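Everything below concerns the one structure shown next.
Owing to the predicted nature of the structure, the values given are computational and were not obtained by experimental measurement. We use all heavy atoms of the structure for the numbers below, so side chains are in, but hydrogens, waters and symmetry mates are not. Below, chains carry the letters A, B, ... as their sequence lines are ordered, and counting in each starts from 1.
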Amino acid sequence: MIAQAAADSINVAQNVGFGIIAAGMIFAALCVVTTSNVVHAALWLVLVLAGVAAQYILAAAEFVAVSQVLVYVGAVMVLFLFGIMLTRAQIGPEKGLNNRGWAAGIPVAVVLLGLLSWAILDAFEDTTLPDRGPTTTSRISDDVLHPYLVPFLAISFILLAAAIGAMVLARKD
Amino acid sequence: MTGVLAIDPLLFGELKWMPLVIVALKVLVIFVVGLVGTMFMVWFERKVIAGMQNRIGPNKAGPFGILQTLADGVKLFFKEDLLPDRADRFVFRLAPFLAFVPAFLVWAVLPLGGDYRDGNRGLVEWFGHATRVQLADPPVGILLVLALSSIAVYGIMLAGWSSGSKYPLLGAVRATAQMVSYEAALGLSLAAVLLTSGSLSTVGIVGTQDSLSNWNVVATGVVPFVIFVIAATAELNRPPFDLVEAEQELVGGFNTEYSSLRFALFFLAEFMNTITMSGVIVTLFLGGPQPLAIGDWTADIPLVGNGLEGTIWFLLKLLLFLYIYVWFRATLPRLRYDQLMDLGWKVLIPISLGWFLLLAALRLGRDEDWNVWLVAGVSVAGLLVAAVVMFGAMKVSGRNRQQGAVY
């Protein structure tokens, strides 16, 4: 099977790596929702996000991978943990962490999975990606600052508005 | 796929034994030199501070007390390893490594030597293979440094939380707030360097700094350099930004509950971070292994080849920064917490952002052949207006706060 796959110019090593990392990510993601310790849940989430970065490296997208680590692992999750520590820093398991409607999440997750898989399978079918080098940072910046400049600015503006909105809401009480 | 993980010419082509051995040797050398260098750094710091305070400092173990750190280390090995009752066991054990490993990993992307003269991009010949005196040169090199320094936050934060007592927790909360705040200023002053160098890879950044006027400390106009050094000191939690472990207030901060080997790991990580951060500053602003060159004149160290000379230059510049950090510690009193936050958010971030915009405008003006003075004048005027608006806003909000109004 492996020989056949290699003959079809499928990168076997990358696919095996993808499988292993993906399995680890799924396990960590399950732990995020089942653990009864908030800080542990956040740490499992860090593992999931780091796994995403690893997948980016497998896809030869170094810049995106490092950005993922910088933004999600380095900033977002640190703020999560910071918030937890400021409010409820107790050690050991807690009760009542589960939302009562947690079962409703399952169909949503299944539908989302189906939608994403369908979209990806429909778009790519069984094309193999060309075996090219990594996307250079300068190409990404050229793309962001030329054809995608307007969407980029729009997203930045929305984020800025959200940040200011959060501050205004927090200060009113 | 040759270019994915490193563009060191050593790693091109088929997998052979010799390149593998060379890479393994590099790893070993970096590891050993890193550890020994940290030992030396602890001794150096104690000795220099002692000199500044009219004391003798360590002088019993070995010549000039140079083995004092080794003795302390051995002592720590044999101490009892305590694990507090209320600690979160796994995280408590994990935290020291999270602090220690990133400090080491940064070394992988720093050029520690090599020949950068005459457009020679740091290549040296080892055992018949062209290679670099650096473990890896990923195209996103300097971002990796930032990412690792943001991972190092976890070590301190989790150590404080998992100890299960209040002083470490307070220390950890302070540390996180401080490191997150100063990372922004650090990144913005770094952006100025990247703008001038036009490359993210450390080799590229070092390669452009081939004479004193091209060293980024001069080329970016000193301001980003000063901001970077201040922000880096805050990232390292070193005095005057050592609120994290302020002995007078927090016993020992995040590491209060740690003892024995785990404490030694934190201690090592702290000093190793000082060395790595100095290495990063040298690479970014002082040309790394590049020799001092003014115009056509190059300071040449006699008797050693160009490859080794790079390492000597790197070490000299590194020592300068290590001394400066010790000097900071011996001279400056600790900041108050509100002063710390004001300095970070209201001074360093706006100045570094403004300076970055100014550099970008000048760069654009040069590329488009506009009048330099006109571009500079217009940008400075724009920045002044922005500064006036910002200070006005700060004044208003400060007055409102004093009157007890909620915004």
B:Val173 portion near chain A, given a 4.5 angstrom heavy-atom threshold: both
With under 30° as parallel and over 60° as perpendicular, where do the rings of B:Trp161 and A:His40 fit, or are they tilted in between? perpendicular
Which atoms of B:Ala177 are under 4.5 Å from chain A, going by heavy atoms: the side chain, the backbone, both sets, or neither? both
Any residue meeting side chain to side chain contact (heavy atoms under 4.5 Å, CB included) with B:Ser181, in chain and number order, not counting sequence neighbours: B:Met341, B:Trp345
Between chain A and each of B:Gly160, B:Ser199, B:Ala147, count heavy-atom pairs under 4.5 Å; write down the option with the most. B:Ala147
Counting only heavy atoms closer than 4.5 Å, note whether B:Ile151 contacts chain A via side chain, backbone, both or neither. side chain
Donor-acceptor contact present, side-chain B:Ser189 to main-chain B:Leu186, <3.5 Å: yes
Between A:Val46, A:Val78, A:Val71, A:Leu43, who has the most heavy-atom pairs with chain B when the cutoff is under 4.5 Å? A:Val78
Side chain to side chain contact (heavy atoms under 4.5 Å, CB included) filter on B:Thr196, not counting sequence neighbours, yields B:Asn216, B:Ala219, B:Thr220
Contacting region of B:Leu200 [heavy-atom separation from chain A under 4.5 Å]: side chain
What part of B:Phe90 is in contact with chain A, defined as an atom under 4.5 angstrom from a non-hydrogen atom: side chain, backbone, both or neither? neither
Below 6.0 angstrom between ring centroids: does that apply to A:Tyr56 and A:Phe63? no
Hey, are B:Gln134 and B:Thr202 close enough side-chain-wise for a donor-acceptor pair under 3.5 Å? yes
